[in-house]
Asker: 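What follows is a structure written as structure tokens; I'll ask about it next.
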Protein chains: 4
Amino acid sequence: MGRKTAIIDTATRLFAEKGFADTATAEIAEKAGVAHGTLFYHFKNKQGILREIFTRSGSAYLEELRKTIAGQKTGMEQIEAALRFNEEYSRDHSQQILIFLRIFPDQLKEESHSPERQFIESIQQEVIAILRKSLDAGISDGTIECGDTEETARVLNSLIFGITHIKLMTRENTPSLTRSATDFCRRALAP
Amino acid sequence: MGRKTAIIDTATRLFAEKGFADTATAEIAEKAGVAHGTLFYHFKNKQGILREIFTRSGSAYLEELRKTIAGQKTGMEQIEAALRFNEEYSRDHSQQILIFLRIFPDQLKEESHSPERQFIESIQQEVIAILRKSLDAGISDGTIECGDTEETARVLNSLIFGITHIKLMTRENTPSLTRSATDFCRRALAP
Amino acid sequence: MGRKTAIIDTATRLFAEKGFADTATAEIAEKAGVAHGTLFYHFKNKQGILREIFTRSGSAYLEELRKTIAGQKTGMEQIEAALRFNEEYSRDHSQQILIFLRIFPDQLKEESHSPERQFIESIQQEVIAILRKSLDAGISDGTIECGDTEETARVLNSLIFGITHIKLMTRENTPSLTRSATDFCRRALAP
Amino acid sequence: MGRKTAIIDTATRLFAEKGFADTATAEIAEKAGVAHGTLFYHFKNKQGILREIFTRSGSAYLEELRKTIAGQKTGMEQIEAALRFNEEYSRDHSQQILIFLRIFPDQLKEESHSPERQFIESIQQEVIAILRKSLDAGISDGTIECGDTEETARVLNSLIFGITHIKLMTRENTPSLTRSATDFCRRALAP
DNA sequence: GATGAATGAGGTTTCATTCAT
DNA sequence: CATGAATGAAACCTCATTCAT
């Protein structure tokens with residue numbers, strides 16, 4: 001494994017555990033087993049490391065989400081799969097998700113649209129678009145009935161986001177929360 | 001206005017705008033119009049300022065939420081009121097909410113149950129308890145039908161949390177999101 | 001002697017001896033007998049220390065030059081006094097002069113008119129103006145004869161500048177250079 | 001153009017623009033279109049690059065100065081030619097001259113007689129010797145009258161040095177300064 | 001001859017906190 | 001009560017140089 005990979009992996013872990021601001025570049029280097037200066041050979045600065053982690057995991061999330069949904073037949077099944085996927089993904093990739101949750105607020109201060117900020121928003125939009133398509137499919141195949149699909153997709157996105165956040169924060173084992181949310185949605189979207 | 005109040009108000013604004021770690025105590029002092037040393041006369045340390053802001057606004061949120069719900073008749077109306085309340089509160093007290101969203105992740109690193117962490121969790125529990133009572137009321141008065149009320153309350157809490165977070169992050173004007181969410185819930189809880 | 005003064009004095013010595021870039025702030029602090037952080041309490045940054053030294057000594061030079069010249073009767077005597085003054089001043093305040101000579105080139109890179117750059121140019125203009133007045137006086141009292149006084153003043157300024165620079169660089173004991181230059185000027189300006 | 005030449009040319013430009021200390025070897029390499037390591041294949045270290053630039057341009061200056069003077073008949077014409085030459089040379093080779101002006105002060109700190117320092121002093125001595133020979137010639141051919149020619153040559157050297165420095169620093173277009181200086185010298189040296 | 005990844009010493013600056021007044 | 005000068009640990013980052021390829 002190359003040094004650059006080692007740095008990214010270590011940084012991912014530390015950023016997730018302690019947050020971006022509270023992780024020292026010296027610690028990343030030490031734990032990654034490289035010299036301090038090596039960090040700045042491979043990345044412009046500390047922010048640059050974050051940026052790379054960010055972009056990589058954002059794309060991965062979307063890709064897997066799409067693949068999961070593609071495997072479902074009815075629209076309703078797709079929505080349910082999306083909720084289940086989120087449950088599993090945030091369990092298996094809690095570090096990446098944590099970094100997102102941590103970085104979110106940090107981006108607020110920059111009124112200027114930073115690349116990270118734009119990237120985050122584009123992912124949100126993407127998720128909403130995916131959910132909407134499933135809703136539309138559900139209406140066509142008769143498994144779903146709801147008002148404006150765009151609006152409904154945004155509600156679902158909020159719910160998913162909220163569940164993920166709470167799961168990671170409270171660290172309770174909460175697959176039951178996802179199950180309950182699925183029931184909730186099934187009732188709300190039932191024809 | 002006393003000096004201590006000036007410090008708290010200024011710190012609230014700055015923590016909301018730039019986050020806890022990125023706000024220097026010297027800047028708080030300067031913007032509050034007091035000497036740097038004065039901060040440490042009134043508070044044990046930087047964390048102490050945050051702690052005070054924290055406790056104050058957490059209690060205020062719960063109190064107002066309870067009052068709002070108490071003014072509603074049916075269980076369903078109470079749930080709707082809770083959603084509306086959240087919309088208005090996060091609009092009018094965005095600074096306090098932002099601080100919560102920012103501080104949340106920072107508390108994760110301390111496995112040891114810090115006071116802030118416990119406080120946050122207790123608020124979540126409180127909100128869930130309030131929502132559950134409304135659900136129970138709704139079942140009694142026939143305006144709501146749902147499975148386990150504890151579980152449903154947790155779902156509602158996640159949804160509310162997600163909406164708030166997204167609203168503050170995207171800064172889109174999204175009262176429509178709350179409206180759509182209300183519709184969504186009405187369908188899910190309808191008898 | 002206050003700490004700020006100690007810092008300025010130490011920095012003056014070190015900047016003169018080793019140059020601005022090659023003097024570490026940590027060394028200034030140590031030699032001045034203060035903590036490293038104290039430097040940045042009293043000055044915005046390293047450049048800020050230089051700026052203060054700069055402004056202080058520039059004004060002092062001009063003031064003393066004016067006083068010296070004011071004590072002379074004829075225009076020719078004033079010019080001779082200016083040369084003599086320069087000799088003595090650069091002997092007694094070699095540190096300040098050295099800093100100027102060192103900083104000069106550093107300012108070239110900033111096309112943008114930095115405060116230091118403007119300050120340096122204003123001093124040059126001031127010296128030229130002073131010399132010109134003496135030349136005018138000399139023409140009036142019959143001790144000097146020359147073409148355009150503005151142009152001649154600029155030549156004299158160049159000569160003075162060159163002598164100073166060479167004296168400080170070669171570190172030869174060169175009062176004779178000033179004496180010879182005075183002779184040279186006397187012949188060039190004689191009626 | 002070989003890689004070594006590219007390095008020297010790029011370094012010359014950058015040292016002139018930003019100074020020796022403020023030019024990073026990595027930047028030289030990048031701008032010269034070679035790998036960073038290549039610098040240290042062709043030169044022992046950063047200082048070595050400077051040394052080469054230095055030696056090359058110092059010799060060139062002297063050689064051309066000698067040639068120019070050789071083309072003049074009378075001693076007075078030779079002095080005038082020297083001034084004119086300086087004007088033109090510092091216009092056409094401002095980069096090399098700038099490097100000299102920048103490096104001069106840096107050499108002061110090394111009490112130990114560094115090669116650069118010795119080289120600079122030897123050039124000064126050479127220029128003085130050349131001027132002296134012209135003065136002697138002028139006295140012989142009756143176009144010049146002055147005191148000790150060694151001393152007078154040193155004064156002329158100072159003047160030339162001062163003019164060059166001021167021209168490069170103020171970046172004013174100042175051929176008139178050289179013209180005025182020539183007049184000044186003509187009067188000082190006239191029989 | 002040439003490369004570029006890797007180094008680590010050293011640089012400047014920030015900042016929460018203390019303490020004498 | 002309140003101040004602000006002073007601290008020093010720790011942070012991020014730069015950069016000349018080396019060396020295996």
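What's counted below: heavy atoms across the whole structure, side chains too, no hydrogens, waters or symmetry copies. In the text below, chain A, chain B and the rest are named by the order of the sequence lines, each starting its count at 1.
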Asker: Tell me, please, which residues at least two apart from B:E30 pass salt bridge (Lys or Arg N to Asp or Glu O under 4.0 Å).
Answerer: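 Applying salt bridge (Lys or Arg N to Asp or Glu O under 4.0 Å) to B:E30 gives none.
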Asker: Without decimals, in angstroms, what is the distance between A:I28 CD1 and F:dC13 C1'?
Answerer: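 Answer to the nearest Å: 13 Å.
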Asker: Between D:L39 and A:H42, name the one whose nearest nucleotide on DNA chain E is closer to the 5' end.
Answerer: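 The residue mapped nearer the 5' terminus is D:L39.
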Asker: DNA chain F in dot-bracket, Watson-Crick or G-U pairs under 3.5 Å, [ ] crossing, | other strand?
Answerer: .||||||||||||||||||||
Asker: Please walk me through it: do C:F54 and C:I120 pass side chain to side chain contact (heavy atoms under 4.5 Å, CB included)?
Answerer: CA-CA 9 Å; C:F54 227 65; C:I120 287 180; 3.7 Å; yes
Asker: Rounded to the Å, how far apart are D:F43 CZ and E:dG1 C1'?
Answerer: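 Distance check: D:F43 CZ to E:dG1 C1' gives 14 Å.
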Asker: Quick one: CD1 on A:I99 to CG on A:L14, what's the gap to the nearest 0.5 Å?
Answerer: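 That separation rounds to 9.5 Å.
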Asker: B:Y41 side chain: which of E:dG1, F:dA2, E:dT7 is closest?
Answerer: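 Per side-chain heavy atoms of B:Y41, the pick is F:dA2.
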Asker: Using whole Å, report how far CG of B:L14 lies from C1' of E:dA16.
Answerer: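 Roughly 16 Å, once rounded to whole Å.
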Asker: Nearest whole angstrom, please: distance from the P of F:dA16 to the CD of D:E27.
Answerer: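 Value for this atom pair: 10 Å.
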Asker: Counting N and O atoms only, with roles assigned by atom type, does the side chain of C:S94 sit under 3.5 Å from a partner on the main chain of C:S90, one being a donor and the other an acceptor?
Answerer: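 Checked: no pair found.
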Asker: Could you write out each protein N or O paired with an N or O of nucleotides 17-21 of chain F at a distance under 3.5 Å?
Answerer:
unit_1 : atom_1 : unit_2 : atom_2 : d
F:dT17 : OP2    : D:K46  : N      : 2.9
F:dT17 : O4     : D:H36  : ND1    : 3.4

Asker: Under the ring-ring contact (aromatic ring centres under 6.0 Å, His included) rule, collect the residues that match up with C:H42, sequence neighbours excluded.
Answerer: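 Once residues adjacent in sequence are excluded, C:H42 has no partner under the ring-ring contact (aromatic ring centres under 6.0 Å, His included) criterion.
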Asker: Quick one: C:I49 CD1 to E:dG11 C1', roughly how many Å, whole number?
Answerer: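 In whole Å, E:dG11 C1' and C:I49 CD1 are 14 Å from each other.
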Asker: Establish, with yes or no, whether the OP1 or OP2 oxygen of F:dA2 is under 4.0 angstrom from a side-chain nitrogen or oxygen of B:R3.
Answerer: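 For F:dA2, OP1 or OP2 has a side-chain N or O of B:R3 closer than 4.0 Å.
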Asker: Measure from CZ on A:F20 to P on F:dA11 and round the result to the nearest Å.
Answerer: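 Roughly 13 Å, once rounded to whole Å.
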Asker: Nearest heavy atom decides the nucleotide; on that basis, is A:A24 or C:A35 closer to the 5' end of DNA chain F?
Answerer: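 Nearest nucleotide further toward 5': that of C:A35.
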Asker: Measuring from atom CD of A:Q95 to atom CZ of A:F15, what distance do you get when rounded to the nearest 0.5 angstrom?
Answerer: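 Answer rounded to 0.5 Å: 12.0 Å.
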Asker: Run the side-chain contact (heavy atoms from CB on, under 4.5 Å) test against A:S57 and tell me which residues pass, sequence neighbours left out.
Answerer: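 Only A:I53, A:Q96, A:F100 meet the side-chain contact (heavy atoms from CB on, under 4.5 Å) criterion with A:S57.
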Asker: In this structure, how many angstroms lie between the C1' atom of E:dA6 and the CD1 atom of A:I7, rounded?
Answerer: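 That distance rounds to 10 Å.
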Asker: How many Å lie between CG on A:D22 and P on E:dA16, as a whole number?
Answerer: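 To the nearest whole Å, that distance equals 12 Å.
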Asker: Starting at OG1 of C:T10, measure out to NZ of C:K31 and round the result to the nearest 0.5 Å.
Answerer: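 That separation rounds to 9.0 Å.
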Asker: Going by side-chain contact (heavy atoms from CB on, under 4.5 Å), name the residues that satisfy it together with D:F43, two or more places apart in sequence or in a different chain.
Answerer: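 Checked D:F43 against side-chain contact (heavy atoms from CB on, under 4.5 Å); matches are D:K4, D:I7, D:I8, D:I49, D:E52.
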